[in-house]
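Down below is the structure, laid out as structure tokens.
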Amino acid sequence: MDKLIITGGKKIDGEIVISGAKNAALPIMAAGLLASESLILSNVPHLKDVTTMMELLGLLDARLTVDENMEIHIDSASPGPHNQTPKIHAPYELVKTMRASILVLGPLLTRFGKAHVSLPGGCAIGSRPVDLHIKALQRMGANIIVENGYICCDVPGGRLHGADIYFDTVTVTGTENIIMAATLAKGTTTISNAAREPEVTDLIHCLNAMGARISGINTSTLIIEGVEKLSGTKYTVIPDRIEAGTYLIAAAITRGRIRLKKVVPSTLEAVLKALEKTGANITCGDDWIELTMSQRPKAIDIQTAPYPGFPTDMQAQIMVLNTIAEGTSTIVENIFENRFMHVQELARMGANIQLHGNTAICHGVEKLTGAPVMATDLRASAGLVLAGLIAEGKTCIERIYHIDRGYERIEEKLFQLNANINRQA
Ligand code: EPZ
């Protein structure tokens, strides 16, 4: 299994291009199931999760090609001339490797009237139930039973109908599944307390380009008027705000300088405000962000929240800043029940953190020391990479397949930024 070896102490210095957003690309690829014409996507990041989604779409009878410009073409064939049954089975073997596979549920149901999708199961950060997805689809007319670990659905009469959906917990993929299901349903669907993440907005823009009728964009109340069919389109996925935030923190904690190109600063407001409070100097243009940090960061209190609040996917990364910041800080994780797996590993590097339920109290120390550590989930691993950049000596991070799911060529980008890092098979 690959590992990353990092020797700390060098300042991040340089500029990089930010890749397309994993959490926008995955739902948008699933939307390829909604149309029988080509959906052509550019700026899709080359990540394990993207390959897994391509594999899953292939099992569902979509034809996928990647052209010379690295654009992904998705052609979801209509059921054949002899009306052979469309492929609607998403197997456990594949779904267990990527929870976002649940995003094929809404498209399959609304396009083909049937779906047989494995329950994604939990992961390191929490139980990750999908009860809100299921309840909402039932309100739209789907018959759903969960048996032998599968979500087995069919739609009497073959077509979902619009409904008023209220999510009592903000759910990103739940919102995305219902948006996609509603695009071809009969009548109008309203989603209240919808997720407003930029990746949800990106999916909506793509669906509207395919002929969907979705309004209320960027608000927590979405209205979707069902249409008879959707067409293909060419679409460019937005840049990854979490990748961008991760590299900004790399520059801040090493007291360096970084310029990020091909980003959307407005999608990072909560992160930029937090970093400015730690003492970072930040300037932004239309599609770039520059950060310089000349002194030890000041500690900052954080509460994770649904967008536009501070993203839970940046919690491990900002915690690393707090471990070596001046002062004591609290980080409250309000989204997932077990998203402090990085704390024990950081403690092995000399961090001083106390856990009280969903609250971490960090007492800033002068420095961390390198150690062999283990990645447990995608963003915790990114946090360990950041810790390795500032720790004295060598840090060896094992199980970095977690990182490869969400960060494109992380060691190349960090090497380009003057870090002392290499990947070892
Ligand atoms: C999405 O996960 C992201 N994944 C996650 O990013 C991200 O951390 C999360 O949203 C929160 O922003 C993708 O977009 C592919 P949720 P998702 O449904 O949709 C509870 C990463 O690192 N809930 O918004 O699965 C749930 O338990 C990944 O890139 C229910 O109770 O998260 C959680 O406490 C990690 N029932 C809260 O809602 C449901 O049916 C928010 O979860 C659904 C969710």
Side-chain angles (χ1 to χ4, degrees), residues 19-31 45 47-50 52-53 56 95 97-106 117 119-139 144 146 151 165-180 191 193-203 220 237-238 240-246 267 270-271 303-317 332-339 341-342 358 375-383 402-408:
S19 304
K22 164 179 87 82
N23 291 350
L26 295 176
I28 288 172
M29 289 170 74
L47 297 168
K48 179 79 183 69
D49 276 7
V50 169
T52 307
M53 182 58 88
L56 176 56
V95 173
T97 67
M98 183 184 68
R99 300 193 64 270
S101 309
I102 192 71
L103 285 164
V104 301
L105 182 61
V117 177
L119 275 170
C123 71
I125 63 177
S127 58
R128 311 293 293 276
V130 288
D131 56 308
L132 300 177
H133 301 234
I134 291 172
K135 278 191 209 122
L137 289 168
Q138 286 170 328
R139 279 183 62 79
I144 301 182
V146 177
I151 308 167
I165 305 294
Y166 171 75
F167 282 125
D168 47 21
T169 307
V170 174
T171 162
V172 173
T173 50
T175 300
E176 290 165 343
N177 243 332
I178 300 312
I179 288 171
M180 290 190 279
I191 306 176
N193 203 26
R196 296 163 54 193
E197 272 65 7
E199 296 75 25
V200 177
T201 302
D202 208 32
L203 170 66
S220 52
V237 171
I238 50 163
D240 194 318
R241 62 193 169 104
I242 304 299
E243 182 194 24
T246 304
T267 62
V271 175
Q303 291 255 2
T304 65
Y307 192 86
F310 191 91
T312 175
D313 291 350
M314 284 295 303
Q315 181 255 104
Q317 297 92 313
V332 184
E333 172 52 61
N334 292 307
I335 308 293
F336 290 111
E337 67 265 31
N338 186 34
R339 204 169 198 177
M341 305 280 280
H342 41 286
N358 69 340
T376 51
D377 63 271
L378 168 53
R379 306 303 174 181
S381 331
H402 290 293
I403 297 182
D404 294 337
R405 296 187 48 187
Y407 290 86
E408 195 176 27

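Indexing begins at 1, ligand by ligand and atom by atom, following the structure's order. Note that the coordinates shown come from a computational prediction; the quantities given were computed from them, not determined experimentally.
Of the N or O atoms in Thr171, one or more lie within a sub-3.5 Å distance of an N or O in ligand 1. Between Thr312 and ligand 1, no N or O atom pair is found at a separation short of 3.5 Å.
Between Ile102 and Asn177, the closest heavy-atom pair is O-ND2, 2.9 Å. Residues Leu56 and Val104 share a closest heavy-atom pair of CD2-CG1, 3.7 Å. Across every non-hydrogen atom of Tyr307 and Glu197, the tightest pair is N-OE2, 3.0 Å. For the residue pair Val237 and Ala24, the shortest heavy atom distance occurs at CG1-CB, 3.9 Å. When all heavy atoms of His402 and Leu378 are compared, the pair lying nearest together is O-CD1, 3.4 Å. The two residues Arg379 and Ala316 have their closest heavy-atom pair at O-CB, 3.5 Å.
Both the backbone and the side chain of His133 come within contact range of ligand 1, each with a heavy atom under 4.0 Å. Proximity of Lys22 to ligand 1, defined as any heavy-atom pair under 4.0 Å, is confined to the side chain (atoms from C-beta onward).
Nearest non-hydrogen protein atom to atom 19 (O) of ligand 1 is Thr173 OG1, 2.6 Å. Nearest protein neighbour of atom 27 (O) of ligand 1, counting heavy atoms only, is Pro129 CD, 3.4 Å. The protein non-hydrogen atom at the shortest distance from atom 20 (C) of ligand 1 is Thr169 CG2, 4.2 Å. Looking only at protein heavy atoms, the nearest one to atom 34 (O) of ligand 1 is Ile335 O, 2.6 Å. Protein heavy atom closest to atom 16 (P) of ligand 1, with residue, atom name and distance, is Val172 N, 3.7 Å. The nearest heavy-atom contact from the protein to atom 35 (C) of ligand 1 is Arg339 NH2, 3.7 Å. The protein non-hydrogen atom at the shortest distance from atom 8 (O) of ligand 1 is Asp313 OD1, 2.6 Å. In this structure, atom 36 (N) of ligand 1 lies nearest to the protein heavy atom Asp131 OD1, 2.8 Å.
At a threshold of 4.5 Å between non-hydrogen side-chain atoms, the residues Val172 and Glu176 count as touching. Phe310 has its side chain out of reach of Val332: every pair of non-hydrogen atoms, C-beta onward, lies at least 4.5 Å apart.
Below 4.0 Å from some heavy atom of Arg379 lie the following atoms of ligand 1, by number and element: 21 (C), 22 (O), 29 (O). When each atom of ligand 1 is checked for a heavy atom of Val130 under 4.0 Å away, the hits are 39 (C), 40 (O). Atoms of ligand 1 lying under 4.0 Å from any heavy atom of Arg128, numbered from 1 in the order shown and given with element: 2 (O), 17 (P), 25 (O).
Note on Glu408 versus Lys22: no salt bridge recorded, every NZ/NE/NH1/NH2 to OD/OE distance being 4.0 Å or above. Salt-bridge annotation for Asp313 and Arg339: present, with a side-chain N of the basic residue lying under 4.0 Å from a carboxylate O of the acidic one.
For atom 41 (C) of ligand 1, the nearest non-hydrogen atom from the set Val170, Asp168, Leu378, Asn23 belongs to Val170.
The shortest heavy-atom distance from Arg99 to ligand 1 is under 4.0 Å.
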Using the side chain to side chain contact (heavy atoms under 4.5 Å, CB included) rule, take Arg99 and Thr173 through it: C-alpha gap first, then chi angles, then the decisive distance, then the call. CA-CA 10 Å; Arg99 300 193 64 270; Thr173 50; 5.6 Å; no

